[in-house]
Amino acid sequence: MTKIDAARLWSLNHRLLMSVIATVAAEVGALGLEPKELFVLSEVDEHPYPAELAAALVMPKPSMTVYVKRLEAAGFLRREIDATDLRKHRLLITPAGRKVMQRGLTLLADAFAERLARLSAGEQAQLRGLLEKLC
């Protein structure tokens, strides 16, 4: 049996994801977001603290600070002091932020669906199962 080239698989996966993001980057930009900011918004509900959010997105904390400040200035995020720990700020998505996040994620999903359409329904199910197994 031929040994699988893990680096090649990683490279193909990375190229696929970056290609999908590049396909929608201009439309996401028209929403007032950079693609990375879209990913930040999409994780805030699950990870509402900046340090936790940075860890979840495997992003340096200083970069997260920049993204949070930009999203806050755009009116897409707001910070409030956590009532259980006054030293911490909790992030909340504003209604405007939720709207652009949902639109941006729809753009990404639609672009990815175009790629998935190259696979049969069975292949799509198999891909999903394999990805779930790897995650």
So do the side chains of [X] and [Y] get within less than 4.5 Å of each other, counting heavy atoms only?
X	Y	result
C135	E132	no
R79	R90	no
T65	P50	no
E52	P48	yes
H89	D82	no
L12	R15	yes
V20	L17	no
L92	V44	no

For [X] against [Y], the heavy-atom pair lying closest together:
X	Y	result
A96	G75	CB-O, 4.0 Å
A51	K61	CB-CE, 4.0 Å
A111	V24	CB-CG1, 3.7 Å

Please answer whether the main-chain N or O of M59 pairs with a side-chain N or O of S63 as donor and acceptor at a distance below 3.5 Å.
no
Counting only N and O atoms by type, is there a donor-acceptor contact under 3.5 Å from the side chain of Q124 to the main-chain atoms of L119?
yes
Please round to the nearest 0.5 Å and tell me the distance separating atom [atom1] of [X] and atom [atom2] of [Y].
X	Y	atom1	atom2	answer
S42	Q102	OG	CD	11.5 Å
L107	L31	CG	CG	6.0 Å
L77	K69	CG	NZ	13.5 Å
E43	L57	CD	CG	5.0 Å
I21	M18	CD1	CE	5.0 Å
T94	K99	OG1	NZ	11.5 Å

Give a yes or no on whether a salt bridge exists between [X] and [Y], defined as a side-chain N under 4.0 angstrom from a carboxylate O.
X	Y	value
R78	E72	no
R70	E34	yes
R115	D110	no

Can you spot which of I93, V40, L33 makes a side chain to side chain contact (heavy atoms under 4.5 Å, CB included) with F76?
L33
Is there a side-chain contact (heavy atoms from CB on, under 4.5 Å) between L116 and L127? Walk through the geometry before answering.
CA-CA 10 Å; L116 285 176; L127 177 60; 3.8 Å; yes
Does L134 CG have over 12 foreign heavy atoms under 6.0 Å away?
yes
Please answer: with hydrophobic residues joined when any side-chain heavy atoms are less than 4.5 Å apart, are F39 and L16 in the same cluster?
yes
Group every Ile, Leu, Val, Met, Phe, Trp and Tyr by side-chain heavy-atom contacts under 4.5 Å, then state whether L71 and L105 land in the same group.
yes
Flag this pair as yes if the NZ/CZ of K88 is under 6.0 angstrom from the six-membered ring centre of Y49 and inside a 45 degree cone about the axis; otherwise no.
yes
Given side-chain contact (heavy atoms from CB on, under 4.5 Å), test R128 with L131 step by step and report yes or no.
CA-CA 5 Å; R128 178 182 176 176; L131 291 172; 5.9 Å; no
